[in-house]
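Input: a single structure, listed below in structure tokens.
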Protein chains: 2
Amino acid sequence: MDSAQELIQTRGFSAMSFQDIAVMVGIKKPSIIHHFPSKTDLGRAVIARYHDLFKSALVHVQEDPEKTPWDALEFYFTPYLDFGDAGNKVCLCGALAGEFMELGETMQHEVQSFFIWHEQWLERILEAGHAAGHFKLNKHTSQFARTLLSALQGALLLKRVTRDPKQLEDVMQTIRELIAPS
Amino acid sequence: MDSAQELIQTRGFSAMSFQDIAVMVGIKKPSIIHHFPSKTDLGRAVIARYHDLFKSALVHVQEDPEKTPWDALEFYFTPYLDFGDAGNKVCLCGALAGEFMELGETMQHEVQSFFIWHEQWLERILEAGHAAGHFKLNKHTSQFARTLLSALQGALLLKRVTRDPKQLEDVMQTIRELIAPS
DNA sequence: CTTCGTCTACCAAACGTTAGGTAGATTGCC
DNA sequence: GGCAATCTACCTAACGTTTGGTAGACGAAG
């Protein structure tokens with residue numbers, strides 16, 4: 001599943017094959033199919049694992065009373081920054097969004113849930129930070145959460161294309177300045 | 001080329017095949033290869049045409065003395081809005097960015113040029129609007145241009161995934177409010 | 001003795017690409 | 001004007017490879 005996820009993030013779901021994974025893991029193709037009977041099954045499993053990982057990490061930092069909403073937001077950025085070790089990895093679901101119409105209903109649903117959950121998490125964090133006076137925001141919290149998520153996903157794609165790590169850092173810094181109380 | 005572009009925007013470059021195009025156009029597969037000897041050739045041609053279309057349209061509105069920077073920015077949004085007629089089309093280069101590592105050097109360069117040019121165009125418009133007092137901006141025009149482009153590309157992807165046209169409208173409205181002078 | 005993970009050996013379908021050829025329009029030359 | 005060479009767009013047929021997926025055998029472990 002690690003190999004599958006990496007292949008999706010770097011080359012895309014359509015371009016990923018059982019054979020590619022087999023070579024990376026060191027076993028033969030049918031052995032992989034034994035565990036994931038279809039490509040869709042493998043895709044679903046990878047997305048579900050990815051989603052759960054984010055969920056537990058984000059909920060954890062959100063419920064920690066010692067963490068400010070700023071900490072939560074910075075923590076939200078870090079996994080995206082960490083993708084930078086390879087430099088050519090984007091968010092798993094960002095990659096899948098690019099070939100969304102090719103995914104089949106079940107996987108489409110899973111990607112959709114990922115983004116909807118993320119949008120709502122961001123909105124909650126923003127609202128909590130606003131209520132506590134940490135963030136400066138107008139009333140349209142939901143729209144701003146959408147913009148933030150969009151910008152982050154777009155920045156990851158553009159970072160890979162332009163080969164400029166600053167692409168992501170600039171976007172993050174811009175967001176920080178936009179919500180920092182004057 | 002119209003069919004090829006539509007297929008890339010909806011299903012992705014890897015998933016697009018000569019056969020698909022052949023069926024849409026009504027001729028046979030090798031006849032298409034007669035015009036575009038390789039899949040890469042076809043891809044390059046489609047990107048170049050797309051890039052030129054944007055370039056001429058954007059430069060035109062930029063140089064029109066009767067148009068304010070606001071008009072230019074709104075005009076910049078419209079082609080992205082027009083993709084909405086199908087509802088499941090994203091920016092051509094946004095789709096290609098998702099499978100960037102699978103594209104081969106020549107196509108990678110073409111996609112890269114597209115985004116770099118766009119980023120610079122946006123920066124010029126923002127700076128002109130700022131100088132003329134139409135926009136409210138801090139000094140980091142380049143970073144904001146990057147954020148704007150990222151948000152736009154991300155919003156197009158998310159719109160298709162969430163099946164919510166408001167996804168794009170919300171992002172556009174947020175951007176307008178951010179740079180509108182108080 | 002059954003279950004599990006892996007294997008070899010296949011399959012049909014689709015892929016990008018090549019080869020060889022046909023019909024019709026265009027062009028240069030007498 | 002007539003004629004041959006060339007070009008263009010398309011065709012059928014097949015190439016070798018890769019795809020997702022299947023069937024059945026093997027050894028190890030409980």
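Reminder, nothing fancy here: chain letters follow the sequence lines and each chain counts from 1.
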Please give, in whole Å, the distance from [N] [atom2] to [X] [atom1]?
X     : N      : atom1 : atom2 : answer
A/H34 : D/dA25 : NE2   : C1'   : 13 Å
B/I32 : C/dT18 : CD1   : C1'   : 16 Å
B/D41 : C/dG16 : CG    : P     : 13 Å
B/K28 : C/dT22 : NZ    : P     : 18 Å

Assess whether side chain to side chain contact (heavy atoms under 4.5 Å, CB included) is satisfied between A/R176 and A/M172, documenting all intermediate values. CA-CA 6 Å; A/R176 286 195 200 95; A/M172 283 168 46; 3.1 Å; yes
Just distance, no hydrogens or angles: give the donor-acceptor pairs under 3.5 Å from side chains in residues 33-49 of chain B, sequence neighbours left out.
{"unit_1": "B/S38", "atom_1": "OG", "unit_2": "B/T40", "atom_2": "N", "d": "3.3"}
{"unit_1": "B/S38", "atom_1": "OG", "unit_2": "B/D41", "atom_2": "N", "d": "3.1"}
{"unit_1": "B/S38", "atom_1": "OG", "unit_2": "B/D41", "atom_2": "OD2", "d": "3.1"}
{"unit_1": "B/K39", "atom_1": "NZ", "unit_2": "B/F13", "atom_2": "O", "d": "3.0"}
{"unit_1": "B/K39", "atom_1": "NZ", "unit_2": "B/S14", "atom_2": "O", "d": "3.4"}
{"unit_1": "B/K39", "atom_1": "NZ", "unit_2": "B/M16", "atom_2": "O", "d": "2.8"}
{"unit_1": "B/D41", "atom_1": "OD2", "unit_2": "B/S38", "atom_2": "N", "d": "3.2"}
{"unit_1": "B/R44", "atom_1": "NE", "unit_2": "B/E110", "atom_2": "OE1", "d": "3.2"}
{"unit_1": "B/R49", "atom_1": "NH1", "unit_2": "B/D2", "atom_2": "OD1", "d": "2.8"}
{"unit_1": "B/R49", "atom_1": "NH2", "unit_2": "B/D2", "atom_2": "OD1", "d": "3.0"}
{"unit_1": "B/R49", "atom_1": "NH2", "unit_2": "B/Q5", "atom_2": "OE1", "d": "2.9"}

Partners meeting salt bridge (charged side-chain N to carboxylate O under 4.0 Å, His left out) with A/D64 (sequence neighbours left out): none
Tabulate atom names and distances for all N/O pairs under 3.5 angstrom spanning the protein and nucleotides 15-22 of chain D.
{"unit_1": "D/dT19", "atom_1": "OP1", "unit_2": "A/S17", "atom_2": "OG", "d": "3.2"}
{"unit_1": "D/dG20", "atom_1": "OP1", "unit_2": "A/M16", "atom_2": "O", "d": "3.3"}
{"unit_1": "D/dG20", "atom_1": "OP1", "unit_2": "A/K39", "atom_2": "NZ", "d": "3.1"}
{"unit_1": "D/dG20", "atom_1": "OP2", "unit_2": "A/F18", "atom_2": "N", "d": "3.4"}
{"unit_1": "D/dG20", "atom_1": "N7", "unit_2": "A/K29", "atom_2": "NZ", "d": "3.1"}
{"unit_1": "D/dG20", "atom_1": "O6", "unit_2": "A/K29", "atom_2": "NZ", "d": "3.3"}
{"unit_1": "D/dG21", "atom_1": "OP2", "unit_2": "A/K39", "atom_2": "N", "d": "2.8"}
{"unit_1": "D/dG21", "atom_1": "O6", "unit_2": "A/K29", "atom_2": "NZ", "d": "3.2"}

A/V23: side chain to side chain contact (heavy atoms under 4.5 Å, CB included) partners, not counting sequence neighbours: A/Q19
Pair listing, salt bridge (charged side-chain N to carboxylate O under 4.0 Å, His left out) test, anchored in residues 140-153 of chain A, at least two apart: A/E119-A/R146, A/R146-B/D164, A/R146-B/D170
May I ask you to evaluate whether A/S31 reaches the phosphate of C/dG5, defined as a side-chain N or O under 4.0 Å from OP1 or OP2? no
N/O donor to acceptor pairs below 3.5 angstrom from side-chain atoms of residues 123-130 of chain A, sequence neighbours left out:
{"unit_1": "A/E127", "atom_1": "OE2", "unit_2": "A/T141", "atom_2": "OG1", "d": "3.1"}
{"unit_1": "A/H130", "atom_1": "ND1", "unit_2": "A/F135", "atom_2": "O", "d": "3.4"}

